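What you are looking at is a predicted structure, and each value in this text was computed from that prediction instead of being measured. Below, chains carry the letters A, B, ... as their sequence lines are ordered, and counting in each starts from 1.
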Amino acid sequence: MNDSPLPASPAPDEVRGALVRWFRTNRRDLPMRAEGVSPWGTLVGEVMSQQTPMPRVQPFWRRWMELWPTPQDLAAASPAEVLVEWGALGYPSRALRLRECAIAIAGRPGGRVPADYEELCSLPGIGPYTASALVSFQFHGRIAVLDTNIRRVLLRVFAGEERPASSSPSKAERALADSLLPEDGAECAQWNVAVMEFGALVCTQKSPSCADCPIAEHCAWTRAGRPASASKLRTQAWKGTDRQARGRVLALLRERHALGDPSRTAITRARALEAARLPDADPEQAPRILDALLTDGLVVVGEDSLIRLPGA
DNA sequence: GTCCCGCGCA
DNA sequence: TGCGCGGGAC
C-alpha cells in the first residue's frame with residue numbers, strides 16, 4: 001500500500017453491516033470481553049493478548065483478576081509473584097511492565113486507569129495498540145484500533161492487498177481506518193472488535209476461509225483473484241534461539257518459587273547455566289542469556305551469589 | 001515444522 | 001525503521 005489516501009472501493013456501509021452481523025453470531029465467548037469488566041480488567045486482558053492467542057489468555061486473566069482485581073493490588077505484589085503467575089504466557093518482560101504499569105496508575109490522582117490515549121501511551125507496556133483498544137472497547141472513544149488482524153482485513157477488503165508491507169501502520173492505513181469509523185463511539189467499539197474477531201477467525205494470515213466469508217463479494221483482494229503479496233512472510237525461529245534458552249531458566253525459577261520453600265527458590269549460577277544450555281548450542285549462549293536476563297531484571301543475583309526471581 | 005501476537009529501544 | 005523478545009496449538 002502506498003502513501004496516497006485510498007478510496008474505499010467497496011461500500012463501507014455494507015461491509016460494516018455484514019461484519020457486525022457476522023460478529024453477533026460468531027463471536028467467541030471471552031470473559032475478558034464481557035460487559036461490566038473494569039478498565040483495569042480490560043487493560044490486563046489486552047496486555048496479556050498482545051502476543052498470546054486469546055484462548056490461552058483466558059484462564060490467566062481470570063486468575064489475575066482474582067489475585068489482583070485493581071491496579072493497587074498488583075502494585076503491591078512482588079515481581080517474583082507476578083512472574084510465577086504469568087506462567088508460560090510468553091515474553092515475561094510484559095509481566096514486569098504490567099506491574100510497573102499498575103504502580104504508575106496507583107500513583108496517579110484517583111488511582112484509576114486513564115481514559116486518554118496519550119496518557120495511556122505513557123504507561124509502561126502500553127503502546128499504540130493497547131491504548132487505542134482501551135479507548136475504544138472500554139471508554140467508547142471514537143478511535144481506530146490497528147492491530148495486525150484489523151490491518152490485514154482492511155487491506156484485503158479495501159486495498160486488494162494480501163497483507164501489510166510494513167510492521168507498523170502507514171499514514172494511508174490510518175487514513176483508511178479513520179474513514180471507516182462510525183460516528184458513534186459505541187458503534188466504533190462494536191466495529192473495531194468485529195473486524196478484529198473476523199481477522200482472527202476467518203480472514204486469517206495464512207489460510208483465510210474465503211469460502212465462508214460473508215463479505216467475499218465486497219472484497220477487493222478476492223475480486224483481484226487474491227494475488228500473493230510481494231513481501232515474504234518470515235516466521236521467527238524458535239528452536240535453539242536465545243528466547244528458548246531464556247524460557248528454560250525462567251521456567252526453572254518459576255517452578256522453584258511455586259514450591260513455596262524459601263530455601264529452594266534460589267539456584268546456583270551453574271544450575272542456571274545448565275538450564276540455559278540447549279543441545280548443540282553455541283557454548284557462549286548460556287552465559288550470554290544469563291547476563292541478558294539480569295539486564296532485563298527478570299532474575300537477580302543475591303549476596304549469596306545465588307540466582308532468583310526479583311523480589312523473591 | 002507453521003501459526004500467532006505488540007512493545008521498547010537502538 | 002528494524003530487531004529482540006515465548007511458547008502452546010495445530
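Contact annotation for A/Thr148: backbone-only contact, meaning every heavy-atom pair under 4.0 Å involves sugar-phosphate atoms and none involves a base. Residue contacts shown for A/Pro124 are limited to sugar-phosphate atoms, with no base heavy atom under 4.0 Å away. Residue contacts for A/Ser207: at a heavy-atom cut-off of 4.0 Å it reaches no nucleic acid atom on any strand shown. Among the heavy atoms of the strands, none lies under 4.0 Å from A/Gln244. A/Ile126 comes within 4.0 angstrom of sugar-phosphate atoms only, judged by non-hydrogen atoms across all strands, and of no base. Across all strands, A/Asp147 comes closer than 4.0 Å only to sugar-phosphate atoms, never to a base (heavy-atom distances).
For B/dC7, the OP1/OP2 oxygens have a side-chain nitrogen or oxygen of A/Thr130 closer than 4.0 Å. Residue A/Lys206 places no side-chain N or O under 4.0 Å from the OP1 or OP2 atom of B/dT2.
Other residues, nucleotides and ligands place no more than 12 heavy atoms under 6.0 Å from the CG atom of A/Asp29. Within 6.0 Å of atom CZ in A/Arg62, 12 or fewer heavy atoms from other residues, nucleotides or ligands are found, so the atom counts as exposed in its surroundings.
In this structure, CG of A/Asp296 is placed 13 Å from P of C/dG4, rounded to the nearest angstrom. Atom-to-atom, CE of A/Met54 to P of C/dA9 comes out at 17 Å; the value is rounded to the nearest Å. The interatomic distance linking A/Arg97 (CZ) with C/dC5 (P) rounds to 12 Å, in whole Å. The OH-P distance, from A/Tyr91 to C/dG8, rounds to 13 Å in whole Å. Counting to the nearest Å, the C1' atom of C/dC5 and the CG atom of A/Leu293 are 11 Å from each other. Spacing between atom CE of A/Met48 and atom P of C/dG7 amounts to 15 Å, rounded to whole angstrom units. Distance CD1 (A/Ile150) to C1' (B/dC4): 16 Å, rounded to an integer number of Å. Straight-line distance from the CZ atom of A/Arg94 to the P atom of B/dG6: 11 Å, rounded to whole Å.
When each of A/Ser167 and A/Ala292 is assigned the nucleotide of DNA chain C with its nearest heavy atom, A/Ser167 is the one assigned upstream, toward the 5' end. Place A/Arg56 and A/Gly127 on DNA chain B by their nearest nucleotides, and A/Arg56 ends up nearer the 5' end. Between A/Gly125 and A/Ser49, the residue anchored closer to the 5' end of DNA chain B is A/Ser49, taking for each the nucleotide with the nearest heavy atom.
Listed candidates were B/dC7, B/dC4, C/dG7. Nearest to the side chain of A/Thr204 is B/dC4. Side-chain atoms of A/Arg246 lie closest to C/dC5 of the nucleotides B/dC4, C/dC5, B/dC7.
Under a 4.0 Å N-O distance rule, the pair A/Asp13/A/Arg16 qualifies as a salt bridge. Between A/Arg156 and A/Glu161 there is no salt bridge, since none of the side-chain N atoms of the basic residue sits less than 4.0 Å from a carboxylate O of the acidic one. The residues A/Glu46 and A/Arg33 are annotated as salt-bridged, a charged nitrogen and a carboxylate oxygen being separated by less than 4.0 angstrom.
A/Val44 and A/Leu83 fall into different hydrophobic clusters, where Ile, Leu, Val, Met, Phe, Trp and Tyr side chains are chained together by heavy-atom contacts under 4.5 Å.
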